[in-house]
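Report on the structure given below.
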Amino acid sequence: MRAPADVRICRACGCWELHACESGCAWLSADRCSACPDAALRLPIRAAHLECATMELRSVITDDNGEDRLHVAVEFPSVVLVTRHDKAGRYVGPRLFVGDEEMLTGFAYAQAAELLNERRLAA
Ligand SMILES: [Zn+2]
Ligand SMILES: [Zn+2]
């Protein structure tokens, strides 16, 4: 059963939610299943992979108006999510970056995935 384009698949073997590996498997990370821990990952990266990525808090930057929390996607280190809270602690909204390039809207994972794929191909 071929995986729809918008679901999370293992980037090594292509298995997915409704079509797991024969021996059974679970997610090891956003884009790799437990049946192929050492196999090479392939393109493309999908928006669903970014949505499932482990976001690690790396730093908190405060200024007069509030604070920014910088999270880096463990599986995709060039993907950075910045969440902002104002002085009263209210959540203002996310900003998503690939490297230093900001995506159009906060949770534009499709756009970010496209950019990652382009850059990998160019490299
Ligand atoms: Zn699998
Ligand atoms: Zn796999």
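Read the numbers this way: they start at 1 and go in the same order the structure lists the ligands and their atoms. Because only heavy atoms are used, hydrogens play no part in the values below, and waters and symmetry mates are left out as well, while side chains stay in.
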Worksheet item: Using 4.0 Å as the upper bound for N to carboxylate O, is an ion pair formed by R119 and E114?
Response: no
Discussion item. Closer than 4.0 angstrom, basic N to acidic O: yes or no for E67 and R69?
Written reply: yes
Discussion item. As an exercise, state the distance from CG of N65 to NE2 of H85, rounded to the nearest 0.5 Å.
Written reply: 15.0 Å
Discussion item. Using the side chain to side chain contact (heavy atoms under 4.5 Å, CB included) definition, which of the options C33, P37, C36 pairs with L28?
Written reply: P37
Worksheet item: Taking NZ, NE, NH1 and NH2 as the nitrogens, is one of them in R95 or E102 under 4.0 Å from a carboxylate oxygen of the other?
Response: yes
Practice prompt. Could you tell me which residues satisfy salt bridge (Lys or Arg N to Asp or Glu O under 4.0 Å) with D100, sequence neighbours excluded, listed by chain and number?
Written response: none
Discussion item. Can you count the protein N/O/S atoms lying under 2.8 Å from the Zn ion (ligand 2), leaving waters out?
Written reply: 4
